[in-house]
Each structure stands twice: as structure tokens, then as C-alpha cells.
Amino acid sequence: MGKGGKSHEETKSVEDENMAAWLVGLNTLKIQPFKLPPLGPHDARVRMKAVGICGSDVHYLKTMRCADFVVKEPMVIGHECAGIIEEVGSEVKNLVPGDRVALEPGISCWQCDLCKDGRYNLCPEMKFFATPPVHGSLAHQVVHPADLCFKLPDNVSLEEGAMCEPLSVGVHACRRANIGPETNVLVMGAGPIGLVTMMAARAFGAPRIVIVDVDDSRLSVAKNLGADGIVKVSANMQDVAEEVERICKAMGGGVDVSFDCAGFNKTMSTALSATRAGGRVCLVGMGHHEMTVPLTPAAAREVDVIGIFRYRNTWPLCIEFLRSGKIDVKPLITHRFGFSQKEVEEAFETSAGGGSAIKVMFNL
């Protein structure tokens with residue numbers, strides 16, 4: 001027996017206890033023990049090494065809900081993640097302990113019509129990290145299906161692996177909007193999702209990209225990351241017509257596809273008005289649950305409006321973009337924190353505060 005009447009096995013068990021960041025109440029996060037489920041034959045146990053903070057994580061912290069998802073009991077937060085394989089189930093053939101992997105956070109049922117049709121991101125039974133009541137991944141370890149753990153090449157870091165999640169939103173949007181070498185792109189909003197959408201559009205071949213925001217510093221970041229044109233706008237609806245003129249001037253031609261990465265009345269109205277006849281508007285951001293927008297004039301010009309929800313089959317392409325250097329997400333990671341109670345609180349305050357923060361990353 002060890003000191004205090006505990007065996008060495010018991011002492012080791014306490015030392016190795018899995019800890020996680022739990023959302024336990026409004027504006028309250030606590031690092032507490034997180035009991036892992038048993039490892040299934042097709043699962044992998046992954047030691048988390050890099051976890052990013054998403055806007056939805058902040059939304060849950062500040063309001064205990066995000067859209068129709070409501071936190072009713074304590075929940076482990078986090079879903080942008082990468083780590084190292086610790087153990088694999090008996091039927092896993094493609095991964096071994098020590099492999100560095102990026103995790104796709106959504107587990108679909110693979111039995112409904114949407115899953116069978118390949119649109120598994122729309123599965124009504126989706127179990128998604130840190131979407132109530134499913135626990136997230138800001139923890140020392142998680143158990144996850146091995147087929148949703150994607151091996152990282154040697155030249156792609158674990159932080160970059162975690163960035164595959166937000167990048168996937170941009171990649172899925174570009175696929176939905178059929179971006180290619182003949183597509184001039186407008187991006188409304190230069191936040192994290194607007195920036196990764198811009199990067200994805202460039203990787204898909206878009207020859208000219210103009211990005212719009214209300215904030216000078218975010219526009220400066222976008223310019224440094226490769227935007228061909230930047231346009232500062234206001235939050236006032238009455239300015240739309242004048243701003244559309246400036247957007248078209250910055251584009252130097254017609255806008256083929258607009259991505260609204262904010263999702264407000266003003267941004268969607270601007271996107272619909274700026275897009276050329278026969279073009280497409282893709283709604284990526286969901287700032288407003290309902291919007292009042294000039295849909296009839298857009299319909300009369302046969303402007304197609306498409307939506308996206310998360311992503312599907314994007315991790316291999318994201319990893320290839322990172323491996324090849326077609327996309328460099330490293331400049332988006334502006335702040336890094338460890339995994340203490342104090343640092344978790346500071347990290348979320350930093351992310352929620354905006355300012356110079358783009359992507360806040362935990363290094364576990």
C-alpha cells in the first residue's frame with residue numbers, strides 16, 4: 001500500500017484522472033474530472049494537444065444556448081481539436097498509438113436518408129462535440145470514432161490540425177457555391193469564418209476576392225492575408241446602395257458569388273444587391289435567426305441563395321491544402337493559453353472580447 005492507505009494503482013489512477021473544461025453555468029467554466037466512455041472496437045482514445053475556441057463556444061458561455069441548442073446540464077466545451085492517438089479499438093486498422101490526428105467533431109447515424117445520400121452533416125441524429133447534450137473536447141483525453149480521426153502529415157502541426165474545423169466551414173461553402181478560377185468572390189465579414197472562407201476561395205482558384213467589414217483592423221488583417229480589395233462599411237441599412245457601388249468598384253467587375261459570413265439584415269441585403277444577375281449568395285453566418293432582406297429584386301435577377309450547415313467530407317482536402325501550402329492558417333492563431341483554471345477563463349475572455357483576437361488556441 002502507498003502512503004495514506006492507497007495502493008500504487010489507486011494513486012496512479014488519481015494522477016491520471018481525465019480533466020476537462022466544463023460549462024457549469026452562465027459565464028462559469030470549471031476544470032473538473034471527465035469520465036471517458038469505454039473504448040469501442042472502432043474507436044480511438046486521443047490525448048488532446050490543441051483546441052481552439054469557436055464563436056459558438058463563447059455563445060454557450062455567455063447565454064447557455066446557441067440557436068435552438070440549449071445547455072440544460074453541465075457540459076464539456078470545445079470542438080476544434082487535434083491530438084495524439086493513445087489507444088485504438090480492436091477493429092481499427094488505419095491508426096496506431098502515437099499518430100497525430102485532427103478530429104472531425106460530428107458523429108452521424110449513417111442510417112437516415114440524408115446520411116445514405118451523403119449529406120451526413122444534415123443528419124437529425126448528429127452527435128456533435130459541445131452541442132447539448134453531447135460533451136466536447138476541451139479535455140486531456142477523448143474517445144472518438146477512429147474514422148473521424150484524420151492523420152496529419154509531418155509538416156502540419158497539431159494547431160493547424162485543430163484549425164481544420166473552422167477551415168472546413170469555408171471549404172464546404174466554396175464547394176456549395178462552386179467556386180473556381182472564373183469566380184470573383186465577395187466576402188461579407190472579416191472575422192475568423194470570413195477569413196477562412198476567403199482563404200478557401202483562393203485555394204479553390206478564385207481570381208479576385210473583395211472582403212467587407214465595419215472594423216479597420218480586421219480589414220487590415222484580411223489585406224495582409226491576401227484579399228485583393230477591402231471595403232469598410234457601416235452598420236446602417238441606408239448606406240447599402242452607396243456601399244454596393246464601392247464594392248463593385250473594388251471588384252473591378254461583377255460579383256459572381258457573395259459569402260455572407262455574418263448573417264445580419266445589412267450584410268445579407270448588401271450581398272444580394274452586390275451580386276450580379278445569375279450569381280449566387282451563400283449564407284454562412286447566422287447572426288440573426290430571422291432576416292428582412294430584398295429577396296424579390298434578387299429573385300428577379302435570378303440570384304441563387306444557398307445555405308450551409310457545418311461541413312461534410314472536408315478534412316482530407318483541408319489537410320492537403322495545409323500540407324501543400326495552398327492555405328496557411330498559422331497567422332490566424334493570435335493567442336495561446338495553457339490548461340489551468342485561470343488560463344481557461346482568460347482565454348474565453350480574450351476570445352469574447354474581440355479586438356486583436358482572431359483564433360484563441362489552447363495548448364494542452
- Query: Would N313 and N121 satisfy side-chain contact (heavy atoms from CB on, under 4.5 Å), going step by step from the backbone distance to the final call?
  - Reply: CA-CA 9 Å; N313 299 316; N121 57 310; over 6 Å; no
- Message: Run the side-chain contact (heavy atoms from CB on, under 4.5 Å) test on Q141 and E86 for me, step by step, so that the C-alpha distance in whole Å, both residues' side-chain angles and the decisive distance to 0.1 Å come before the verdict.
- Response: CA-CA 9 Å; Q141 297 186 57; E86 291 270 302; 4.1 Å; yes
- Task: Please step through side-chain contact (heavy atoms from CB on, under 4.5 Å) for the pair T334 and T350, ending with a clear verdict.
- Result: CA-CA 10 Å; T334 54; T350 301; over 6 Å; no
- Task: Using the side-chain contact (heavy atoms from CB on, under 4.5 Å) rule, take L186 and I247 through it: C-alpha gap first, then chi angles, then the decisive distance, then the call.
- Result: CA-CA 8 Å; L186 169 66; I247 287 167; 3.8 Å; yes
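Salt bridge absent: K326 and E320 never bring a charged side-chain N and a carboxylate O closer than 4.0 Å. Salt bridge annotation for E245-K249: absent, with no cationic side-chain nitrogen under 4.0 angstrom from a carboxylate oxygen. Between D328 and K330 there is a salt bridge, since at least one side-chain N of the basic residue sits less than 4.0 Å from a carboxylate O of the acidic one. Ion pairing between a basic and an acidic side chain is recognised when a charged N comes within 4.0 Å of a carboxylate O; R202 and D228 show such pairing. Using a 4.0 Å cut-off between charged side-chain N and carboxylate O, D256 and R280 make no salt bridge. Under a 4.0 Å N-O distance rule, the pair K232/D213 does not qualify as a salt bridge. For the pair E182 and R208, the salt-bridge criterion is not met [side-chain N within less than 4.0 Å of a carboxylate O]. Under a 4.0 Å N-O distance rule, the pair E159/R336 qualifies as a salt bridge.
By the criterion of side-chain heavy atoms lying less than 4.5 angstrom apart, applied directly or through intervening Ile, Leu, Val, Met, Phe, Trp or Tyr residues, V156 is not grouped with L95; the two fall into different hydrophobic clusters. Both V187 and V169 belong to a single network of hydrophobic side chains, linked directly or stepwise wherever heavy atoms of I, L, V, M, F, W or Y lie under 4.5 Å apart. There is no path of hydrophobic side-chain contacts, each under 4.5 Å, that joins V214 to V221. Using a 4.5 Å cut-off between side-chain heavy atoms of Ile, Leu, Val, Met, Phe, Trp and Tyr, with links allowed through other members, L272 and M286 fall into different hydrophobic clusters. Under the 4.5 Å side-chain heavy-atom criterion for Ile, Leu, Val, Met, Phe, Trp and Tyr, I31 and V71 are members of the same hydrophobic cluster.
Remark: C318 SG to I327 CD1 distance equals 7.0 Å, nearest 0.5 Å. Here the CE-CD1 distance, from M163 to I333, works out to 5.5 Å after rounding to the nearest 0.5 Å. Rounded to the nearest 0.5 Å, atoms CD1 (I53) and CD1 (I77) are 9.0 Å apart. Between R312 atom CZ and L114 atom CG the span is 9.5 Å, to the nearest 0.5 Å. Rounding to the nearest 0.5 angstrom, the gap separating the CD1 atom in I84 from the CG atom in L158 is 5.5 Å.
Between I179 and V185 the shortest side-chain heavy-atom distance falls below 4.5 Å. With contacts defined as side-chain heavy-atom distances shorter than 4.5 Å, the pair V212/T270 does not qualify. The closest side-chain heavy-atom distance from V344 to F362 is below 4.5 Å. In this structure, the side chains of V88 and V96 stay at 4.5 Å or more apart for every pair of heavy atoms. Counting only heavy atoms from C-beta outward, the side chains of L61 and L29 approach each other to under 4.5 Å. In this structure, M126 and R310 have side chains that are in contact, with non-hydrogen atoms separated by less than 4.5 Å. Proximity of K35 to N18: side-chain heavy atoms (C-beta onward) are nowhere separated by under 4.5 Å. Taking 4.5 Å as the limit, every side-chain heavy atom of V70 sits out of range of all side-chain heavy atoms of P132.
Checked by atom type and distance alone, the side chain of R100 pairs as donor or acceptor with a backbone atom of P153 at under 3.5 Å. Panel note: side chain N265, backbone T292; a donor-acceptor pair is recorded below 3.5 Å. Put simply, the side chain of E160 gets close to the backbone of S157: a donor and an acceptor are under 3.5 Å apart. S168 places no side-chain N or O within donor-acceptor distance of the main-chain N or O of P166, the cut-off being under 3.5 Å. The backbone N or O of S269 sits less than 3.5 Å from a side-chain atom of S273, completing a donor-acceptor pair. Between the side chain of R276 and the backbone N or O of V303 there is no donor-acceptor pair closer than 3.5 Å.
Less than 6.0 angstrom separates the ring centroid of F129 from the ring centroid of H144. For an aromatic pair to be called close, the ring centres must be under 6.0 Å apart, and H135 with F34 satisfies this.
No hydrogens or angles considered: a donor-acceptor pair under 3.5 Å links the side chains of S234 and D239. Looking only at atom types and distance, the side chain of E165 has a donor-acceptor partner in the side chain of Y311 under 3.5 Å away. A donor and an acceptor atom, one from each side chain of T267 and D260, are located under 3.5 Å apart. At a cut-off of 3.5 Å, with distance as the only test, a side-chain donor of E343 or S340 sits close to an acceptor on the other residue.
Between F150 and W315, the ring planes are parallel. Angles under 30° get that label, and only those over 60° would be called perpendicular. Between F337 and H335, the two ring planes are parallel [angle under 30°; tilted spans 30° to 60°].
Every residue meeting the ring pair (Phe, Tyr, Trp, His ring centres under 6.0 Å) condition with F128, not counting sequence neighbours, appears here in chain and number order: H79.
Taking both residues in full, the closest heavy atoms of A173 and V284 are given as CB-CG2, 4.0 Å, listed atom of the first, atom of the second, then distance. Listed here is the closest heavy atom pair of C282 and I308: SG-CG2, 3.6 Å.
Within 6.0 Å of atom CD in Q341, more than 12 heavy atoms from other residues, nucleotides or ligands are found, so the atom counts as buried in its surroundings. Heavy atoms of other residues, nucleotides or ligands lying less than 6.0 angstrom from CG of D154 number 12 at most. Within 6.0 Å of CG in D113 there are 12 or fewer heavy atoms belonging to other residues, nucleotides or ligands.
For the pairing with K266, the side-chain contact (heavy atoms from CB on, under 4.5 Å) check across M188, H288, E243 returns one residue only, E243.
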